[in-house]
Amino acid sequence: MCPNLDIVVPKLLEERSWAAPAGGGAALPDLGLGGVLRVGMPLSPMLAKMQSSYGAMLETFKGRAFLAEHKYDGMRAQVHVVLGAAGGRREVRIFSRNSEDITDRFSDVAEAILESTPAGKDAIFDGEVCAVDRSKAPAQLLPFQSLARRPKGPTGRSATGERAAEVCVYLFDCLYHGGESMVKAPYRARREFLRSAAALSPRPGFVEYAEGDVIEGDGAEEAVEAAMLRSIERGCEGLMCKLLDGPASAYEPSKRSDSWVKLKKDYIDGIADSLDLVPIGAWYGNGRKAGWYSPVLLAAYDPETDTFQSVCRVMSGFTDEMYTKLTLFYAGKVLAGKQKKRRKPEAAEGAGSGDSGDKGEPTGRLLPRKPPNYITNESCRVWFDACEVWTIRGAEFSLSPTHMCAQGRIACAAGRGLALRFPRFLHERPDKTTAEATTPAQILELYTKQHGAEKPAAAAGYDDDDDDIL
DNA sequence: GCTGGCTGCCC
DNA sequence: ATTCTGC
DNA sequence: GCAGAATGGGCAGCCAGC
């Protein structure tokens, strides 16, 4: 329970460089309300605006210098180095993006920070903690899932007995140091300071600097593309592009500032793959989506076994109009708007066949029950007749206990399938039949390529699918 | 003691 | 996290 | 342009129930 006052009071931070209370905290009733940084009290991290093309990003920087930094796929970490009362023993606290204290979960990071920072100086750093495999030369970045499997408590014991993943923190900013706030300083200065011995002594595989390229002048576009490719090879999600100079490059807590732009690789034309999936079921939407099907369960089609294997649910990317059309198409009628408030299913349930008090069964294109060739651990409220194809885009695939795509073909993952992270609907694919949908084998190949960083396997020529040609 | 559901948090 | 909608 | 709503995948932890 951290008092997250930065969120409650998103003040304009009239930060001064006098933030340092020379004599100690006694006279600081302020809880962050005044915008005064306090080591040990988390401030809301600065956020980035998302853009989906190099062109749009370059446009926002308008020729000014910026940093094209790797966007690591881990957890945001605001690292505080707190001085003890006597100025002696230091303590490290680590806060999540939402200002939760996650020090216990990453006590190894905390210790590494202690070793990497000079005595007698308090500090606040910003960075990303990632699961890594240190047996590789430069520590190999591991998927987010590895990081998520870390135990939450201080005990560090994992129920399954598997050892927790090693982690490394990639630092990219310094907000405060030695009693001085740095948030008003230009990013270039903050970064340079962070990279000086006065602030930190990095330790490979434990405490590192976020990788980034300074880009300015001609050839910016080529430089950004190159940075993006490097980031992808490294196993990152894309780029964080940050304005380097001037007051606009200050650190603005809790703001989704224009001076930070994120470019995720799965949005960039020519890099992202999309999938052609089949809607096989749905639930009833809540709130403003009451009366519509939402979300919708999607599946890949395996012609070898004639099965539809679920890959994800999707609810993003539909306009209200599409919802109306979709619902009418499958239900064959307008659904009665549900009550505003949804209630707990209680213990009722009893498998997905009952459909409690629903009237019409096989109306429209609904099926009376889940067909045996729909392979999923989901229990949809209604099952669709698999009859169309939608183009879906997402980030990577994860091993799933719920979605059974390619289940049985994945080495070392008995009983698990593949699921798509961050799925969103792009458009219908009226020119494709369900038999032409993306197959589990294709998805398995994409999965293998994504973390099988072992082999760069450049091409492996992949079937297209996608195309949002306009 | 193991399992399933639910909560809370990460992205 | 993402997307669309409404102010 | 921004806030709000409705949800995406997935994990650890905790508690109820068998």
Side-chain angles (χ1 to χ4, degrees), chain A residues 1-2 4 7 10 45 47-50 52 71-77 94-102 104-106 128-131 143-160 162 164-165 167 236-238 254-258 262 264 266-267 277 282-298 310-324 338 340-342 344-349 376-379 392-405 416-426:
Chain A
M1 290 309 146
C2 300
N4 195 353
I7 285 174
L47 305 173
K49 196 156 291 182
M50 180 159 71
S52 49
K71 184 176 190 307
Y72 292 84
D73 189 11
M75 288 183 358
R76 188 72 174 268
I94 304 174
F95 300 95
S96 73
R97 178 193 154 125
N98 290 315
S99 298
E100 296 288 327
D101 187 327
I102 51 174
D104 286 345
R105 191 176 193 176
F106 298 110
E128 189 90 2
V129 265
C130 297
F144 181 80
Q145 244 181 327
S146 307
L147 186 66
R149 285 200 266 255
R150 280 218 140 195
K152 297 203 162 172
T155 61
R157 62 171 221 281
S158 63
T160 61
E162 296 175 50
V167 293
C236 292
E237 295 183 288
S254 88
K255 279 190 77 175
R256 202 168 283 278
S257 163
D258 251 350
K262 78 177 153 186
K264 296 186 82 169
D266 49 299
Y267 284 76
L277 301 176
W283 291 262
Y284 293 144
N286 294 301
R288 73 178 302 282
K289 296 194 179 179
W292 293 327
Y293 287 136
S294 176
V296 174
L297 184 64
L298 298 170
S310 79
V311 174
C312 63
R313 295 144 89 139
V314 66
M315 47 96 13
S316 258
F318 300 103
T319 60
D320 289 4
E321 190 183 11
M322 291 166 157
Y323 275 119
T324 305
K338 315 259 76 176
K340 300 280 176 113
K341 282 317 211 169
R342 66 175 242 264
K344 303 310 184 74
E346 193 59 8
E349 158 117 13
T376 182
N377 285 343
E378 293 278 26
S379 300
I392 302 296
R393 184 166 288 179
E396 343 71 39
F397 295 94
S398 53
L399 283 174
S400 174
T402 306
H403 298 291
M404 292 293 112
C405 178
R416 316 196 90 195
L418 296 177
L420 182 62
R421 189 148 78 129
F422 305 140
R424 58 262 183 196
F425 171 91
L426 291 188

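Keep in mind the model is a prediction, meaning the values are calculated, not measured. In what follows, chains are A, B, ... by sequence order, proteins preceding strands, each numbered from 1.
- The CG-C1' distance, from A/Asn377 to B/dG5, rounds to 15 Å in whole Å.
- Taking atom OH of A/Tyr293 as the reference point, atom P of D/dT7 lies 15 Å away to the nearest angstrom.
- Interatomic distance, A/Ser400 OG to A/Glu378 CD, rounded to the nearest 0.5 Å: 8.0 Å.
- Heavy atoms of A/Leu420 sit under 4.0 angstrom from primed sugar atoms or phosphate atoms, though from no base atom.
- Separation of atoms OG1 (A/Thr402) and CE (A/Met404) is listed at 6.5 Å; rounding is to 0.5 Å.
- Looking at heavy-atom distances under 4.0 Å, A/Phe425 makes no contact with the nucleic acid at all.
- When heavy atoms are screened at a 4.0 angstrom cut-off, A/Leu147 is found touching no nucleic acid atom at all.
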Between A/Arg105 and A/Ile94, is a side-chain contact (heavy atoms from CB on, under 4.5 Å) present by the stated rule, with each step listed? CA-CA 9 Å; A/Arg105 191 176 193 176; A/Ile94 304 174; over 6 Å; no
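- Applying the 4.0 Å criterion to OP1 and OP2 of D/dG10, one finds that A/Ser400 has a side-chain N or O inside that range.
- Atom-to-atom, CD of A/Glu237 to C1' of D/dG9 comes out at 13 Å; the value is rounded to the nearest Å.
- When DNA chain C is scanned 5' to 3' for any atom under 4.0 Å from a heavy atom of chain A, the first and last hits are C/dA1 to C/dT5.
- Contacts of A/Lys262 with the nucleic acid, taken as non-hydrogen atoms under 4.0 Å apart, involve only primed sugar atoms and P, OP1 or OP2.
- The distance from atom CH2 of A/Trp283 to atom C1' of D/dG8 is 11 Å, rounded to the nearest whole Å.
- When the P atom is used for both D/dA6 and B/dC11, the distance is 23 Å, rounded to whole Å.
- Using a cutoff of 4.0 Å between basic side-chain nitrogens and carboxylate oxygens, A/Arg421 and A/Asp73 are scored as salt-bridged.
- Contact check, A/Ser316 against D/dG8: no side-chain N or O comes under 4.0 Å of OP1 or OP2.
- Within 4.0 Å (heavy atoms only), A/Gly394 reaches no atom of the nucleic acid at all.
- Summarising the geometry, atom CG belonging to A/Leu47 is positioned 11.5 Å from atom NZ belonging to A/Lys255; distances are rounded to the nearest 0.5 Å.
- The line from CD of A/Glu237 to CD of A/Glu128 is 7.5 Å long, rounded to the nearest 0.5 Å.
- Regarding contacts with the backbone of B/dC10, a side-chain N or O of A/Asn98 is found under 4.0 angstrom from either OP1 or OP2.
- Taking only side-chain atoms of A/Arg149, from C-beta outward, the nucleotide of D/dA12, B/dC11, D/dG10 with the closest atom is D/dA12.
- Here A/Lys264 lies in heavy-atom contact (under 4.0 Å) with sugar-phosphate atoms only.
- A cation-pi arrangement is found for A/Arg424 relative to A/Tyr267, the charged atom lying closer than 6.0 Å to the ring centre and inside a 45° cone about the ring normal.
- Here A/Arg416 lies in heavy-atom contact (under 4.0 Å) with sugar-phosphate atoms only.
- When the C1' atom of D/dG8 is taken as reference, atom CD of A/Glu378 falls 11 Å away, rounded to whole Å.
- Between A/Met315 atom CE and D/dA5 atom P there is a gap of 14 Å when expressed in whole angstrom units.
- Of the residues near DNA chain C, A/Asp320 and A/Pro423, the one whose nearest nucleotide (by heavy atom distance) lies more toward the 5' end is A/Pro423.
- OP1 or OP2 of D/dA5 has not a single side-chain nitrogen or oxygen of A/Arg288 nearer than 4.0 Å.
- Of the residues listed (A/Phe318, A/Phe425, A/Tyr284), the one engaging A/Tyr323 in a ring pair (Phe, Tyr, Trp, His ring centres under 6.0 Å) is A/Phe318, and it is the only one.
- Side-chain proximity of A/Arg421 to B/dC11, B/dC9, D/dT7: nearest is B/dC11.
- Residue A/Lys152 is classed as a base contact, given a heavy-atom separation below 4.0 Å to a base.
- Within 4.0 Å of A/Tyr267, counting heavy atoms only, lie sugar-phosphate atoms of the nucleic acid but no base atom.
- For D/dC11, one of the phosphate oxygens OP1 or OP2 lies less than 4.0 angstrom from a side-chain nitrogen or oxygen of A/Gln145.
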